[in-house]
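Okay, so here's the structure we're looking at.
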Amino acid sequence: MATAQPEWRAPPAPSEPARARLPALHVYNSLTRTKTPFVPIDRSGEKVTWYACGPTVYDDAHLGHARNYVSTDIIRRILEDYFRFKVSFVMNITDVDDKIILAARQQHLLSEFLAEHGDVDDALRSTTLQAFSAYIQKNLPLVRHDAPPEAYAQAAEQAYGHVLQGKSIANDGSPAGDKEAKLKMHLKTAQAAAGALQSSNTTLEQFAPQAAGVLLPYIDSLRSSTVQGKDHDIFTKLTKQYEERFFNDMKALNVRYPDKLVRVTEYGPQIVDFVKQIQDNGYGYEHEGSVYYDTTAWEKSGGVYARLEPWNRNDKDLQADGEGSLAAKTTGFKRSGADFALWKASKPGEPSWDSPWGQGRPGWHIECSAMASDVLGKQIDIHSGGIDLAFPHHDNELAQSEAYWAKTGRDSVQWVNYFLHMGHLSIQGSKMSKSLKNFTTIREALAKREWTPRSLRIVFLLGAWRDGLEITGELVKAGVSWEEKVNNFFIKVRDLQSHHDPSRQPATLEGPKDGDDLDQALATSQGKFRDALCDSFDTPGAMRVLTELITAFNSASSVRESTSIAIGKWITEIVVMLGLDADYKENQLGWTGIDIPEEAKAFIYPLAELRDKIREQAIKGSIDLDSLGALNEKGTTYGPDQPYAAAYADFQRKVFELHGRQAPSKEYLAACDYIRDTVLWNLDIYLEDRENRHALVRPLSASLRQERSDRESLLAAKAAAKEKAKADAEAAEKERLEKGKLSHLDMFRTSEYSAWDADGLPTADAEGKEVAKSKSKKLKKDWERQKKLHEAWQATQG
């Protein structure tokens, strides 16, 4: 059954001047689940307030986080740099929640425990063995928890071998999912600990990382109550480390830093006041030191709860996920199953702040409401985050914030006008998750060169920001193809700019018809591009517009130089606006990464020019050394630290050597091919020869390498096939000649027959009966074939 559209209150109309400058932008709004005209709260239509849910910092960010924050950055750049809004972008850092508390406390207690052991002593091994057994008992129930470490691998294989092979836990043909991913994580953790326990003569530095997975929860179970709630440094030590690493990752991905960053641990008193106000307004109640939001009271006052995803309001799994550790408590005291914690009473080993309800800490959802309201006020234009935050996180934020600012739901003001939710990233059908540890971190992906900041952003641009995106071979290939197409375009246009000659009017550069068509294509593309971005930031459509314009440029038989430069400048402006060039320099044509090294230019460009002249003359059949300019006959000998200078000097010497012995033109052409295909190729530089034009100097790309590799593989395969055919033919001929050793006169003189004629043809079988005429005919044919073979063999014998 379709869910009714929630009520949405459109922002008031802007002033008349503002209305004239506002773009015709429509944004997909999770509050309406439709595309809604974008109108800022600011009456001037210039300022936009935006609150983005930031990371929970207890581990490194992975590619799934990159999808969220890069997609958010793309939309932010479009609003700021394309539509020219003045965006106030606020992001929070969640540096205290159940996962962080547990991770920080476990690491703190494990560090203390390991510090008590100078090496891998018997006590450490004994405790680790107990931790190993406890871990198996809790997480791997089908494996005997008292099995010794050396028997673990076999026991795990017997119990969960089918899961390790990619099947479901039930092994009934159903697809594997998150439960199986989590089980694999537990199997891997236990296996590492088993390996540590079986190792001998190991150091503490080697032992600890392997055993940590089982030791962390076990030591925590023994010592968690020793951590004091007021000792916040225990918890912020971990979060500060990962916050720094997160923003280093974001910088590497060219994601802009927030205009303002807020942290939960710095807002303890303000959050207490925020919760107290909600309670005073009649929408919160206390139970054993925790405060809960009263959804029933809010709805009775005319408010709405679960506006984003009303179909999930009774989803117990999602509710439990939102409540964290409180979900394990008896909830019979709740006035409604949808009620959620605003403030949590701190248990031993958890951080705490003073409050009217005793020592406690913020609920998960309240942090964003309190911080966003403090910085941005009663109303916000945009609130964003991953789609998994829509319920319960953002629905709870919305309800409690409106309950803070209003006495009744009927009097409430819509706290957020536009909710933007980014789709998930998945690989092989599974969503990346820190808790499942089934992710590739951003720094790993960049360090291994699986991705570059540009290639990752291109892939995200090729997908709609609010849709799920699965990394497939086809998607990666599409991203590589798009990047290569833009690379080639920028290289051509930049080359055209650098070889500008006002006196030159070649047909390939000056053609009125194609020139006029491309001028029109540029104007049309600019309009289509704007339309795409106005359609809820349709980046896939925008990327197609750029592709089609470049295709039109490549297909034109003649292009005006001015038109080429104009297209190049506009596409440069767009890719920079989309964040595809972190190192862009003002007035640069094209993005960075398409130039040969700066130290190479002084040698490679003159080398390419000399080679062009040699090729042109060699093709015509005559080399005029005097027309080539001043050449250094002997040249300086350069070492391996000056490879570009050496390439230029060596080529000049080769030209003199060929000229000195009056070599034919084909040798000059071979020398030109060698410098292109071997010397410069090995220096990661490629010369692209073009008909009636100078060679294009460009850096060697992955696609060019792949093309050459594919070509060489094809040639190798053809050569191998040819060699095999030759070998097969020789083997067949050898076999044929081998058969010819037997004389046709003797071939039938066997026990099968008893009489023969003068040519050795059988006349009677073994029993003396005359050979039938039909068989005689067949034997005669075989005899004639063997006669030819024998004669051929005799010929090889001289």
Side-chain angles (χ1 to χ4, degrees), residues 49-54 56 88 90-98 100-101 229 232 260-299 301 303-307 322-324 326 335 338-346 350-380 383 385 389 392-409 411-416 419:
T49 55
W50 185 342
Y51 182 85
C53 278
T56 302
S88 178
V90 181
M91 177 186 280
N92 78 301
I93 292 290
T94 298
D95 55 357
V96 57
D97 79 343
D98 289 349
I100 288 175
I101 291 168
H232 295 170
K260 185 171 181 60
L261 191 67
V262 289
R263 301 175 183 85
V264 181
T265 54
E266 297 171 357
Y267 262 80
Q270 295 95 319
I271 292 173
V272 169
D273 292 342
F274 200 92
V275 174
K276 187 69 171 62
Q277 183 63 55
I278 294 172
Q279 188 182 31
D280 291 345
N281 287 348
Y283 306 114
Y285 57 92
E286 186 263 347
H287 177 78
E288 296 181 353
S290 295
V291 182
Y292 293 83
Y293 183 84
D294 193 336
T295 56
T296 303
W298 176 246
E299 290 180 315
S301 76
V304 180
Y305 175 66
R307 292 174 62 188
E323 292 298 82
L326 286 182
R335 298 175 184 176
D339 293 354
F340 54 90
L342 300 170
W343 184 261
K344 298 180 179 182
S346 293
E350 295 183 345
S352 61
W353 285 262
D354 296 331
S355 81
W357 316 282
Q359 293 298 305
R361 58 188 179 89
W364 173 33
H365 319 293
I366 198 69
E367 60 182 69
C368 289
S369 292
M371 293 188 293
S373 295
D374 179 68
V375 177
L376 298 175
K378 192 174 184 177
Q379 272 195 297
I380 302 170
H383 193 349
L389 297 182
H393 186 52
H394 286 163
D395 262 323
N396 290 359
E397 279 185 45
L398 195 56
Q400 66 198 10
S401 298
E402 293 183 356
Y404 170 84
W405 287 105
K407 295 293 184 182
T408 69
D411 300 327
S412 66
V413 175
Q414 187 167 269
W415 182 56
V416 170
F419 271 98

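The CD atom of Gln414 sits 7.5 Å away from atom CG of Leu398, with the distance rounded to the nearest 0.5 Å. Note: Tyr292 OH to Ile278 CD1 = 15.0 Å, rounded to the nearest 0.5 Å. Taken from OG in Ser412 to CG in Asn281, the straight-line distance is 11.5 Å, to the nearest 0.5 Å. Interatomic distance, CD of Gln400 versus CG of Asp395, reported as 11.0 Å (0.5 Å rounding). Atom NZ of Lys378 sits about 7.0 Å away from atom CH2 of Trp405, to the nearest 0.5 Å. Ile93 CD1 to Arg263 CZ: the interatomic distance, rounded to the nearest 0.5 Å, is 7.0 Å.
Ring geometry for Phe274 versus Tyr404: interplanar angle under 30°, hence parallel rather than tilted (30 to 60°).
Checking Trp357 against Gln279 by side-chain atom types alone, a donor-acceptor pair falls below 3.5 Å. Side-chain contact, Ser369 with Ser401: a donor N or O sits under 3.5 Å from an acceptor N or O. A donor-acceptor contact closer than 3.5 angstrom links the side chains of Asp339 and Tyr285.
Side chains of Glu367 and Val262 form no contact here, defined as non-hydrogen atoms less than 4.5 Å apart. Two residues are said to be in side-chain contact when any heavy atoms from C-beta on lie closer than 4.5 Å; Val416 and Glu397 fail this criterion. Using a 4.5 Å heavy-atom cutoff, the side chains of Asp97 and Ile100 are in contact. Counting heavy atoms from C-beta on, the side chains of Cys53 and His394 come closer than 4.5 Å.
Contact record, Ala372 with Ile380: CB-CD1, 3.8 Å, taken as the closest heavy-atom pair. In terms of heavy-atom proximity, Pro362 sits nearest to Ile366 at CB-CG2, 3.8 Å.
Taking the ring pair (Phe, Tyr, Trp, His ring centres under 6.0 Å) definition, one finds that Phe340 meets it with Tyr293, His365, sequence neighbours left out.
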Worksheet item: Where do Ile271 and Val264 land on the side chain to side chain contact (heavy atoms under 4.5 Å, CB included) test, with the steps shown first?
Response: CA-CA 9 Å; Ile271 292 173; Val264 181; 4.1 Å; yes

Item to complete: Assess whether side chain to side chain contact (heavy atoms under 4.5 Å, CB included) is satisfied between Tyr283 and Thr408, documenting all intermediate values.
Response: CA-CA 9 Å; Tyr283 306 114; Thr408 69; 4.1 Å; yes

_Residues Asp354, Gln359; criterion side chain to side chain contact (heavy atoms under 4.5 Å, CB included); working and verdict_ = CA-CA 5 Å; Asp354 296 331; Gln359 293 298 305; 2.4 Å; yes

- Task: Could you go through the side chain to side chain contact (heavy atoms under 4.5 Å, CB included) check for Leu342 and Lys276 one step at a time?
- Result: CA-CA 10 Å; Leu342 300 170; Lys276 187 69 171 62; over 6 Å; no

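Side-chain atoms of Trp50 do not come within 3.5 Å of backbone N or O of Val90 as any donor-acceptor pair. Using modelled atom types, one side-chain atom of Ser290 and one backbone atom of Ala345 make a donor-acceptor pair closer than 3.5 Å. Under the 3.5 Å distance criterion, the side-chain polar atoms of Ser301 are matched with a main-chain donor or acceptor of Gly409. The main-chain N or O of Pro351 is found under 3.5 Å from a side-chain atom of Ser346 such that the two form a donor-acceptor pair. Side chain of His383 to main chain of Tyr51: a donor-acceptor pair is present (N/O by atom type, distance under 3.5 Å, no hydrogens or angles).
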